[in-house]
Amino acid sequence: MLAEHVGQVVAEWIGEKGWKDVPAFGLERPADDAHGDYATNFCMQLARIAKAAPRGLAEELRERLLSTPTLQPYLDAVEVAGPGFVNFRLSRTAFVEAAGGLLAVGEEVGRGTRSQPLHINLEYVSVNPNGPLHVGHGRYAAYGNALHRLLAFSGHQVTAEFYINDFGRQMEMFGLSVAARYAQSFGLDLPVPEEGYQGAYVGDVAASIRAEVGDTWLAVLRERGLDDPDDETLLYFKREGYRRMLELMKEELRSFRVEFDVWFSETQLHEGGKVQGAINELLSRGVAYVEEDAIWLRTTDYGDDKDRVLIRSNERPTYFAADIAYHEDKLARGYDHLINIWGADHHGYVPRMKAAVGLLCGEPDRLEVIIGQLVNLLEDGETRQMSTRRGEMVTLQELIDAIGVDAARFFLVMRSHDQTLDLDIGLAKRQSQENPVYYVQYAHARIASILRNVPKDLRPDVIDESAVFTTAYERDLIKTLDEFGSVVTDAADRRAPHRIVGYAQDLAARFHTFYKHCRVIGSEPAVASSRLALCLVTKIVIARCLNLLGVAAPEKM
RNA sequence: GCGCCUGUAGCUCAGUCGGAUAGAGCAACGGACUUCUAAUCCGUGGGCCGGAGGUUCGAAUCCUCCCAGGCGCGCCA
């Protein structure tokens, strides 16, 4: 509420002095209340450019602020402190106006308005549809979906996309594995291939096919076995297995409150000629070339270590080639910006993909790759390794069944995506009651409870009267609420939804403290109504935070 | 060997485009319910911010080197 006004005065000051390349002006919340409601270190940063002592500059700024008439109603005191800090103490009027402003905005508190909103394509999760989602995928799902909500709320237009890796050898092996389990369910001894998928869920998929078509394919499998992957029977199992796994995956994600706008099939990219088309175009433009019977892309033009193969000498396209066609397709659909969320095990792939985008459109930075660190799984302190192929994994569903969607999402998104996450599944199950999500949700439920008990004649209005907002509890709450908008923008720009978690915990803590010390119902009318206004705004902001994280905001607990 | 990420309280982690006395949760200990939900609040203890140099009025934050851990360096996906 104050930063803009002070910023204007500062800008005029700088203009008069003719200083160049000055740092950005900002206010911060001091850790110590003795340093006021807000403080700035601007004069110390300015000292080098202005070639003057920080404290002298601070004194000068203080004089200017105190002689600016429009600021007077908002400031009780401006002090110069320490090596050159300027500390601000706000007036009651400032708090009343801030609270009134927030109440007037209502449900839309914190929504960003961008002068240049971007149409962003956000791709995440994107796994082979040949096994259930494990908790590692769950982390990217929780992170990506929270980022989706956050970017949208901060003022961008976002399309969420899932790239289905349904092409190639992994899917073939999966199809063969399903066929083998199908045959085995009739007593036919057809072993799952060495490199096939051993998990029990493969048997479930086979059983589901059997339930639909009975022994239709049994005789053919007995006769021909699994040796020719292009056999139409085996293609059938690949297709049907794929279809069922994809449905399962969609259901799991939906139950985890993760929704995608576009499901994009890699196979259709190949069958629609898009891969070949992209390569032809790159060849004709001379950025791809033939050498040693293979086709290569000049990714070194954009700083990659070496050029990369698009078509192998055996004439099969690489995964990279398909990915190029995919990104060309995304670019052609008109997005300003592409964001991919990848696991840390793919980070070596980033330079070539950015180079490819550079070769496609001339702007490698239209692609932004966010690398999410991995989840380190433990069970009661012991490391637990995961393998989709061997069917050894902790599934996302298992975590959800154990601790619920809210606690799982909160836990998976509360730490920076840049940090490897230790998840002890045994500990998580035992400690689910201590999940901090309940602390935040409880604040919301408490407010809902107050609202249920509000007498009819009490209305949420901020009344300009000397009795209101006299406590530090109320003022802390207002300051925190007032910061929500900048927290949203900051978290979105940094791709850091975990900052929303931190903010929500902080806001909930300030509310709980306020609740303990500041009675709402039963206080004298002016005080009660002003406090009710704070409750209403707090409820809106907490609900918004939880919504951005994909977590429910309960009315009762 | 090279590249990316990480190293902060007993545990899990915030804080990292330099700011005032480094924070939270959990765990430990001690208090607070006749009043809007005690899933809460108030308090106590707990730290060579991996190590060493450097830049700066000021470094957990920036630079260099070292140590430790994770991940990656394919005509795999």
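Every chain is numbered from 1, with letters handed out A, B, ... down the list of sequences.
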*With the threshold set at 4.0 Å, does a side-chain nitrogen-carboxylate oxygen contact exist between Glu328(A) and Lys274(A)?*
no

*More 5' along RNA chain B: Gln170(A) or His512(A), using each one's nearest nucleotide?*
His512(A)

_Arg352(A)/Asp307(A) ion pair, N-O < 4.0 Å_ = no

*Just wondering, do Asp301(A) and Arg298(A) contact through their side chains at under 4.5 Å, heavy atoms?*
yes

*With RNA chain B as reference, determine whether Pro83(A) or Gly502(A) sits nearer its 5' end, using the nearest nucleotide of each.*
Gly502(A)

*Provide, to the nearest angstrom, the distance between the CE atom belonging to Met414(A) and the P atom belonging to G15(B).*
12 Å

*How far does the P atom of A68(B) sit from the matching atom of A28(B), given to the nearest Å?*
35 Å

*Distance-only donor-acceptor test, Asn130(A) side-chain atoms vs A77(B) base atoms, 3.5 Å*: no

_Let's test your reading of the model: under 3.5 Å, does the base of G72(B) pair with the side chain of His346(A) as donor and acceptor?_
no

*Run through Leu477(A), Leu90(A), Val527(A), Ile478(A) and flag the one making a side chain to side chain contact (heavy atoms under 4.5 Å, CB included) with Phe469(A).*
Ile478(A)

_Integer-rounded Å distance: C57(B) P and Asn41(A) CG_ = 16 Å

*Give a yes/no on whether any side-chain N or O of Arg48(A) is located under 4.0 angstrom from OP1 or OP2 of C57(B).*
no

_Of the listed nucleotides U12(B), C5(B), U6(B), the one nearest the side chain of Arg415(A)_ = U12(B)

*Write down the distance separating the C1' atoms in U8(B) and A59(B), rounded off to the nearest Å.*
14 Å

*His35(A)-A20(B) aromatic stacking (under 5.5 Å, under 30°)*: yes

*Is Tyr439(A) stacked on the base of G25(B) when the test is centres under 5.5 angstrom and planes under 30 degrees?*
no

